[in-house]
2 protein chains.
Amino acid sequence: MAVRNRLLSAATELFSRKGYSATTTREIVAASEVTKPVLYYYFRNKEGIYLELIRGAYAKFDALLDTSRSEKGSASERLLRLSDQIFSLFMKNIEMARLMYSIYYGPHQGAPFFDFDTYHLKFQDTIRQLVNEGKQQGEFHKGNADDMMWAILGAVNVAMEVQLCHPELGMERKRLAQILKLILRGISTQKTRQEEKRK
Amino acid sequence: MAVRNRLLSAATELFSRKGYSATTTREIVAASEVTKPVLYYYFRNKEGIYLELIRGAYAKFDALLDTSRSEKGSASERLLRLSDQIFSLFMKNIEMARLMYSIYYGPHQGAPFFDFDTYHLKFQDTIRQLVNEGKQQGEFHKGNADDMMWAILGAVNVAMEVQLCHPELGMERKRLAQILKLILRGISTQKTRQEEKRK
DNA sequence: GTCTATATTGAGATAGAC
DNA sequence: GTCTATCTCAATATAGAC
C-alpha cells in the first residue's frame, strides 16, 4: 500500500481509538512504518491529516443523501431504505464514525474546526421531507412532522450507538428496520390509544 | 467557594469543552486561581480529579434509577416520568454529560477507565422492565420488548443529543414527552397499518 | 494548605543530507 | 520521497520553603 494511504489508515485507527488530542504524530508514523517528516511531507501537519480524513468520510455521506432524493416508493419504504443505507455506511466506516461522533457531540479535543452541522442538518431535512410526503399521501398522521422526524432519527442514532459500544448485542440492519416499523406502527394497543384520546 | 470545589468546577468546564486529553492541569489550576501543587494535594493527579468528577455524576444517575423502581402508575406514565427525570438530570449537568457522552461513545481520549457500562445497562433494564409491565397489563402490544425499549431510548438519546449540539432548536422536556407519546401511539394512519398487515 | 522553582518527559515540527 | 538528528516548547509532576 502506498505510504500516503498507510498514513491515512493508521491515523483513522488511532484517532478513533484514542481521540484526536491523545494521538501523537509519532504513533501515526510508527504504525505506518515511516518517519516523521513523511507525515509533514504529505500533509501540512497533524490538523491536515485529520481534515483529509473527515472530509473524505463526509463526502460519502453527502452523496448518499443526494441520491436518496430521487428514489421511488411510499414514504415508509423510502424512510426504511434511507435509514438502512445510512446505517450500512456507518458500519462500513465505524472507526471514522466513532471519531466524528465524539467530536460532534462531545468536546472538540483540540481538533481543528470542521462543519459537521451542514451535513447533520441536511440529514434531518431529508427525513423531514420524507415525513411530509407521507403526511400528504395520507400514509402518516397529520401530527407534528418534527416529532416524527426525531423519533425516526432517534432509532437510527440508537442503533449506531449500540454498535459503537455493544457490537455483541447484535444490533444489525434487520433490528433497526424492526424498530423503525414499530415506531411507524406504535407501541400501545388500540384500546390504550382510545383511552388516551378520551382524556 | 472552597479551593477543592473550585478545582472540580473548573475541571468539569474544561474537560467538557476541550476533552480530557486536550485539557492541561495548568489550565485547571489557572481557572481555579491556585497553583499546581494544590491540585496534586487534593487529588492524586490528573486522573484522580477526573474520576472524582465522573463518580459524583453517575451516583446521581444511579440514585434516580433506584427510586424509579418503586413508582406508581401505568407503564406509559412511568416511562414518561422516568424519561423526563433522566432528561432533566442531563440538562442540569450538561457539561458533565457532554464529557461522559464523548468518552462512552467515542475514543477514550487517554482518560482512565471508568465502568460506564454498568449504569447504561441498568438504564436499559429499567426501561425494558417497564415495557414488560405494560405488555402484561395489556397496555402495550405483545411485540418484541427490546425493540420497544430501543425506540424509547432512542427518543431520550436524540433529545439529549439535540441539546448538546443545537440548544437553540428548543428540545425541551415537553418536546421529548411529545415524541415519546408519538412513539407509543405510532406514526402511520390506521389505514396504512391495515394495508401493511395484509402483506 | 499554598507557594516558587524546577525536574523530566514527550509533544509537534523542521533542517539538511541522501 | 525518505531519512537522521535536533530544536523548541509545553506537559505532568514534585521538592522543599513558608
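Chain letters run A, B, ... following the sequence lines, proteins first, then strands; residues in each count from 1.
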A:Tyr41 reachable from A:Val3 in the ILVMFWY side-chain graph, under 4.5 Å edges: yes
Got a donor-acceptor contact below 3.5 angstrom from the B:Ser9 side chain to the B:Asn5 backbone? no
Do any N or O atoms from the side chain of B:Lys142 and from the backbone of B:Lys135 form a donor-acceptor pair under 3.5 angstrom? yes
Say whether B:Ser74 and B:Gln137, considering side chains only, have a donor N or O and an acceptor N or O under 3.5 Å apart. no
Ring centroids only, cut at 6.0 angstrom: are B:Tyr105 and B:Tyr101 within range, meaning strictly under it? yes
Who are the side chain to side chain donor-acceptor pair (under 3.5 Å) partners of B:Glu13, not counting sequence neighbours? B:Arg17
Test side-chain contact (heavy atoms from CB on, under 4.5 Å) applied to A:Met160 and A:Met91, step by step: CA-CA 8 Å; A:Met160 302 198 294; A:Met91 291 297 293; over 6 Å; no
For residues 55-63 of chain B, please give each side-chain donor-acceptor pair under 3.5 Å, one per line with the distance, not counting sequence neighbours.
from: B:Tyr58; atom 1: OH; to: B:His120; atom 2: NE2; distance (Å): 3.2
from: B:Lys60; atom 1: NZ; to: B:Asn93; atom 2: OD1; distance (Å): 3.1
from: B:Asp62; atom 1: OD1; to: B:Lys122; atom 2: NZ; distance (Å): 2.7

Applying side-chain contact (heavy atoms from CB on, under 4.5 Å), run through A:Val29 and A:Val38 and close with a yes or a no. CA-CA 8 Å; A:Val29 297; A:Val38 180; 5.8 Å; no
Residue-level proximity of residues 38-55 of chain B to DNA chain D when a heavy atom falls under 4.0 Å: B:Tyr40, B:Asn45, B:Lys46
Got a list of protein N/O to nucleotides 8-10 of chain D N/O distances below 3.5 Å?
none

So, B:Ser76 versus B:Glu139: side-chain donor-acceptor pair below 3.5 Å or not? yes
Give A:Thr23 one of three labels, base, sugar-phosphate or nothing, depending on what nucleic acid heavy atoms sit under 4.0 Å from its own. sugar-phosphate
Of A:Thr35 and B:Pro37, the one whose closest DNA chain D nucleotide lies more 5': A:Thr35
The correct set of residues in residues 3-17 of chain B placing a heavy atom under 4.0 Å from DNA chain D is none
Within the 6.0 Å centroid threshold, strictly below: B:Tyr50 and B:Tyr20: yes
Just the endpoints, please: which first and last nucleotides of DNA chain C, 5' to 3', lie under 4.0 Å from a heavy atom of chain A? C:dA11 to C:dA15
Under the 3.5 angstrom rule, does the side chain of A:Ser21 hit a backbone N or O of B:Ala22 as a donor-acceptor pair? yes
